[in-house]
Amino acid sequence: MSIAKYSNDPALLEWCEGLLAEGAYDEAESFAKVLHEAGDHPSRLMLARALELNGKSKKASKFLGAYMDENLGALGPEMFEIAQLRGKILATMGRHKAARKSLKYALKALPDDECFDAARASTEYQLGSLLSALGSFEEAQCIFNKSMPVSCDNAWVTNARLVDFFVEPIDKNTEALSVEDLETFTEVDVSENTKLIYLVSGDLFYCQMFAPSLAKSLLKVSTQDVHLHIHGISIGKNDPGVKNTPWKKLVKSLERSGIALSFSRRHIHRDRLQEHQKKAVYSFERFNILPLFLKKFEKPVLVADIDQIPLRSPAGLLDHEFDVALLRFPKGVLNILSVVSATLSVFRPSPEGLEAARILQSYFISAMKNEAKLNWHVDQAALAVLDYKNTSSNILHLDTKLVVTDPKKYDPDEAINEGAWFWSVTNSILGNSQELESYENDNRS
């Protein structure tokens, strides 16, 4: 029985898919090569994917490029898939201009039929993300304004309209948010010996769930050179955090941790926001108060997710020269909503660092005026816009190994050995927050 006779059997491609999913890349590559040599056309894409995953991106790109050259001008679904995959591979290789050409060809090759609408929208979003990285902001904005849906890692869905390269900046002489806007339960007294302010925020549930572990971890890894500030948020009259009592109870328990600590809270009077819109506000509120801290204390500020466990003193991040430090994933260039992570960023109180913070604040004030822009990952949209449009700040791109985003892959000790500074227990990713309980149990005396 020759394999050529059955080379188009979907079961064979499914077998190859299974090998890729298991990480058996050598075996998958060999299997896909046999299928391709037997004349199985769908396996062309499979072989290219296997080559890429096996660390042979350049070979995969050439393989697909040769087919495109041989069939120059050809249109249809198969050519779309080939050009789209080649564009993706080129983008992850850093060959952005070549990737742009390939993605545009892919869109041209796609038939004008509503059954391909999802594929078209996805590829247009990738192209818009790539154009952003290339500085073609107007062309990219025209694509994002179509508001195509974008899937997130946590199985939620947001939309591309969150990206706005043309937000009007706040007037430099205007304070968008003042200290009087905050309800402070503890005096924000930052010591002269403080090297870094560690700024986090969250609603009552998140603060109750993660703040105690964060305070305990910071005390373990740093001296009094790191000051923790927790900013609480409540939205609407039905929010459990609208009452003072649970916040005061939480602050009292945190004060017993022994770490340099302060707390503030802000209530936002918006009763009609949907749940995903509230989550968007929770995610960017810390950036709204960032300019206040930079101006008032003239100390570097680390802006972080509250559900991160520091494994080393965060003050060590200041060893490099920068105005702003961002956690950027260059291989994620085709997804502008994830290319810069909001997990952590650092801002110095330099004029450039303060201006960058004000740019972010402008972005979120604009979003609050247009509820269509309030959605998951709006914080990361703002950070990407800041990064791509920057012309004055010295922006440092942090090593992505600083954060272990899969706590089930490494325990904290293993993570340190891998070069990590933070161990993520991101509550929005299903199953991750369970690692926090395990971590806490392991570290109880």
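When reading the values below, keep in mind they use all heavy atoms of this one structure, side chains included, and skip hydrogens, waters and symmetry mates. FYI, the numbering just counts along the sequence from 1.
- More than 12 non-hydrogen atoms from other residues, nucleotides or ligands lie less than 6.0 angstrom from NZ of K389.
- To the nearest 0.5 Å, atoms NE2 (H377) and CG (L337) are separated by 6.5 Å.
- For the ring-ring contact (aromatic ring centres under 6.0 Å, His included) test with H36, the passing option among Y67, F31, F63 is F63; the others fail.
- At a cut-off of 3.5 Å, with distance as the only test, no side-chain donor of D379 or Y363 sits close to an acceptor on the other residue.
- Closest approach of A140 and L131 over heavy atoms only: CB-CB, 4.0 Å.
- The closest donor-acceptor contact from the side chain of Q277 to the backbone of E371 lies under 3.5 Å.
- Between the R86 side chain and the S61 main chain, a donor and an acceptor come within less than 3.5 Å of each other.
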| query | Should H231 and R286 be marked as a side chain to side chain contact (heavy atoms under 4.5 Å, CB included) after you check the CA-CA gap, both sets of side-chain angles, and the distance that decides it? | reply | CA-CA 7 Å; H231 180 66; R286 53 196 166 163; over 6 Å; no
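- At a cut-off of 3.5 Å, with distance as the only test, a side-chain donor of D387 or H397 sits close to an acceptor on the other residue.
- Put simply, the side chain of Q361 gets close to the backbone of N288: a donor and an acceptor are under 3.5 Å apart.
- In this structure a side-chain-to-backbone donor-acceptor pair under 3.5 Å is present from Q141 to F165.
- Considering only heavy atoms from C-beta on, L35 stays 4.5 Å or farther from M46 through its side chain.
- Atom-to-atom distance recorded for S341:OG and L402:CG is 11.0 Å, nearest 0.5 angstrom.
- Residue L292 comes nearest to L182 through the heavy atom pair CD1-CD1, 4.1 Å, listed as atom of the first residue, atom of the second, then distance.
- Residues Y125 and F144 are in side-chain contact: their nearest non-hydrogen atoms beyond the backbone lie under 4.5 Å apart.
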| request: Test side chain to side chain contact (heavy atoms under 4.5 Å, CB included) on L273 and L374 and set out the steps. | output: CA-CA 9 Å; L273 294 184; L374 286 181; 4.0 Å; yes
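- If you take CG on D239 and CG on D203, they are separated by 6.5 Å, rounding to the nearest 0.5 Å.
- Here the options are K88, M68, Q84, R95, the test is side chain to side chain contact (heavy atoms under 4.5 Å, CB included), and the partner is S102; only M68 passes.
- Screening residues 98-107 for salt bridge (Lys or Arg N to Asp or Glu O under 4.0 Å), with sequence neighbours left out, gives K104-E139.
- Relative ring orientation between F287 and F364 is described as tilted, the plane-to-plane angle lying within the 30° to 60° band.
- For the pair V167 and S366, the tightest heavy-atom approach, listed with the atom from each and the gap, is CG1-CB, 3.8 Å.
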| field | Criterion side chain to side chain contact (heavy atoms under 4.5 Å, CB included) on V404 and E418, from CA distance to verdict | value | CA-CA 9 Å; V404 172; E418 291 293 322; 5.7 Å; no
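- S129 places a side-chain N or O within 3.5 Å of a backbone atom of I336 that can act as its donor or acceptor partner.
- Residues R265 and N244 bring a donor and an acceptor atom of their side chains to less than 3.5 Å of each other.
- Aromatic ring centroids of F293 and H227 lie 6.0 Å or more apart.
- For the pair D305 (side chain) and D307 (backbone), a donor-acceptor distance under 3.5 Å is absent.
- A 4.5 Å side-chain heavy-atom check between V385 and D164 finds every atom pair outside the cut-off.
- Remark: side-chain polar atoms of W421 are not paired, donor with acceptor, to backbone N or O of P314 under 3.5 angstrom.
- Interatomic distance, CD1 of I230 versus OG of S201, reported as 10.0 Å (0.5 Å rounding).
- Put simply, the side chain of R348 gets close to the backbone of L318: a donor and an acceptor are under 3.5 Å apart.
- With sequence neighbours left out, P77 forms a side-chain contact (heavy atoms from CB on, under 4.5 Å) with P111, F116.
- Of all heavy-atom pairs between K299 and L294, the closest is O-CD2, 3.7 Å.
- Distance CG/L326 to CG/L398: 7.0 Å, rounded to 0.5 Å.
- Between L75 and M79 the shortest heavy-atom distance is C-CB, 4.3 Å.
- Under the 3.5 Å distance criterion, the side-chain polar atoms of S257 are left unmatched by any main-chain donor or acceptor of K216.
- The two residues I143 and E124 come nearest to each other via the heavy atoms CG2-O, 3.2 Å.
- Side-chain contact between I233 and R266 is absent, with no heavy-atom pair separated by less than 4.5 Å.
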| task | Would you please test T92 and L334 for side chain to side chain contact (heavy atoms under 4.5 Å, CB included) and show each step? | result | CA-CA 8 Å; T92 57; L334 294 185; 5.9 Å; no
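- Within a 6.0 Å sphere centred on CG of D271, heavy atoms belonging to other residues, nucleotides or ligands number more than 12.
- Between the CD atom of E81 and the OG1 atom of T123 there is a distance of 10.0 Å, given to the nearest 0.5 Å.
- With S262 contributing its side chain and V188 its backbone, the two residues share no donor-acceptor pair below 3.5 Å.
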